[in-house]
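Chain naming here is simple, since letters A, B, ... match the order of the sequence lines and numbering starts at 1 in each. Every heavy atom of this structure was used, including side-chain atoms; hydrogens, water molecules and symmetry mates were not.
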Amino acid sequence: MLQLLQVHTKYGQVEALGGISLEVQEGSLVALLGANGAGKTTTLMSISGILKPSSGKILFRDTDLTQLDTREIVGLGIIQCPEGRRIFGNLSVKENLRMGAIRRKDKRHLDQAFARVFEIFPLLKERMAQAGATLSGGEQQMLAMGRALMAEPHLLLLDEPSLGLAPIIVDKIFEVIQRLKQEGVTILLVEQNAHLALEIADYAYVLEKGRIVLEGSGVSLRANSDLERSYLGEVPEENL
Amino acid sequence: MSAGEYILQQIINAISIGSLYALMAIGLSMVFGILRLINFAHGDLIMVGSYTTVLLLSGGIPFVWASLAGIAASTIMGLLMERLAYRPIRGAPDVAMLLTSFAVTIFLENLAIILFKATSRAFPVPPVLNTVVSFGNLQIASLNIISILLTIILLILLTLFVTKTETGISMRAASQDLVAARLMGINVNRVIAAAFAIGSFMAGVVGILWSAKVGKIDPLMGFNPVLKAFVASVIGGLGSIPSAVLGGYVLGALEILLQGLLPANVVPFRDALVFLILILLLLFRPNGILGSTEKEKI
């Protein structure tokens with residue numbers, strides 16, 4: 001469904017991605033792991049067209065995304081839920097969700113999208129009139145995901161959904177991710193928490209300094225003891 | 001006139017001048033909110049609108065139509081500015097955008113000097129904007145009443161726009177987080193053009209009212225209003241509509257208050273005192289009255 005071929009992306013003069021190739025099969029959940037600054041967010045921003053690769057191809061069902069702008073990419077059903085949530089703090093929960101469905105003009109369709117998001121995150125319905133900024137961190141993550149789901153993604157790009165959240169909220173978020181996968185949404189998940197991601201990923205890539213240094217099925221990478229030591233640059237909390 | 005009436009009179013003056021500052025500040029602030037651009041050429045939209053109006057008036061067009069055409073000219077010029085000057089450098093460092101806005105100002109002002117000469121022209125004020133209405137002992141210039149009423153109407157319309165329409169909500173979203181807005185698939189070009197159009201429309205309205213107040217126009221007439229609008233937006237907190245409006249009225253009140261309280265020989269230095277107060281305010285609230293104290297963003 002999605003294929004990156006030798007993607008190079010620069011931040012000014014600095015090369016953030018040094019030729020990345022990866023593939024996401026339709027209906028699968030692929031994890032992108034790596035330490036801070038490895039290029040995970042850059043990869044997602046390149047797919048979404050916020051950053052333009054200097055060379056390489058990003059193919060989505062045979063369309064080269066590097067030739068499209070972000071709006072067109074969103075129009076193809078590739079929706080990103082960005083790192084740090086980036087909800088619109090001054091907008092109400094309802095307005096935030098409506099922004100997620102900005103491309104849906106049909107009222108009935110919009111109502112269905114709202115109903116689905118409220119079914120997944122009932123809490124958002126209670127908070128509908130509240131400003132986004134007044135939500136707790138976990139609620140904001142739910143709002144960010146709900147906002148992404150309003151667009152009914154074919155491919156969901158999730159950037160660090162567990163970052164800075166209490167374990168109980170993280171569990172809830174990961175339940176939702178699994179549920180979405182069961183419903184047929186293809187997911188590319190960026191995570192620093194490798195253990196958590198590998199538990200639910202079909203396949204995973206490990207990034208280091210803008211290159212893919214390791215890849216394999218979720219099960220095989222979990223068995224790989226080199227993973228954290230060599231590439232992730234940090235020891236998971238439970239091992240401390 | 002009793003003391004109460006005098007105070008009421010001054011309050012009306014303050015609201016009236018504050019309304020003009022507020023309308024100007026809204027345009028500056030909306031654009032800044034999204035693009036981080038302080039568009040100093042915003043003042044020249046006043047000049048464009050006023051000259052259009054005066055030229056049409058001298059061609060025998062009735063005032064209502066001439067001023068509507070002037071407002072339309074301001075709006076179109078604002079859209080042209082965005083399209084030709086600011087869109088090509090979008091994403092450049094803030095300083096580059098600021099310098100571009102100076103370039104646009106210098107270009108427009110010099111173009112006006114070439115076309116219309118540097119000397120000022122009379123702005124023929126129609127009787128309806130030039131009378132005094134009496135309420136008992138209270139005498140209020142009709143221009144003040146019309147300024148206040150027009151501002152109220154525009155503010156209501158603007159509020160409806162940014163809270164009820166999709167483009168309006170998108171505009172608020174884009175001013176919070178432009179990248180996130182793009183990730184939603186929001187048409188950022190349209191939102192930015194809408195912000196310019198609304199701000200320029202308001203500048204056009206201010207242009208007519210300002211010219212009627214001063215009674216004459218000249219190519220550099222936009223400088224003072226844009227400076228006041230900038231001060232007003234900074235007082236309120238740059239980047240959001242409510243703070244721009246608040247800043248406009250605070251500035252208006254401050255000016256009228258100083259005008260009334262200062263001894264006659266100090267009054268010419270009123271603006272210097274206003275800036276002094278601005279500096280003091282910024283020492284304690286660097287992001288303006290309504291601006292958040294923590295982050296730079298609105």
Considering only heavy atoms, give the residues of residues 9-26 of chain A separated from chain B by less than 4.5 Å, sorted numerically, with 'none' for an empty result. none
Members of residues 186-204 of chain B whose heavy atoms come closer than 4.5 Å to chain A: B:Ile186, B:Asn187
Nearest 0.5 Å, please: how far is CE in A:Met99 from CG in B:Leu183? 14.0 Å
Least distance between heavy atoms, A:Glu95 atom then B:Ile169 atom: CB-CG2, 3.9 Å
One option among A:Cys81, A:Gly89, A:Ala144 has the most heavy-atom pairs under 4.5 Å with chain B, and it is A:Gly89
Could you give the distance from CZ (A:Arg85) to CG (B:Asp177), rounded to the nearest 0.5 Å? 13.0 Å
Would you give the length of the straight line joining atom CD of B:Gln176 to atom CZ of A:Arg86, rounded to the nearest 0.5 angstrom? 11.5 Å
Chain B: which of A:Arg147, A:Arg103, A:Met45 shares the most heavy-atom pairs with it under 4.5 Å? A:Arg147
Are more than 12 heavy atoms from other residues, nucleotides or ligands located less than 6.0 Å from atom CZ of A:Arg179? yes
A:Lys107 atom NZ: more than 12 heavy-atom contacts under 6.0 Å: no
Atom CE of B:Met184 and atom OG1 of A:Thr70: how far apart are they, to the nearest 0.5 Å? 11.0 Å
Is it the case that more than 12 heavy atoms not belonging to A:Lys209 sit under 6.0 Å from its NZ atom? no
Within residues 148-161 of chain A, contacts to chain B at heavy-atom distances under 4.5 Å involve none
Euclidean distance, B:Arg182 CZ relative to A:Ile50 CD1, rounded to 0.5 Å: 4.0 Å
Could you list which of residues 152-161 of chain B have a heavy atom closer than 4.5 Å to any heavy atom of chain A, in residue-number order? none
Between A:Ile73, A:Asn96, A:Ile102, which residue shows the highest count of heavy-atom pairs closer than 4.5 Å to chain B? A:Ile102
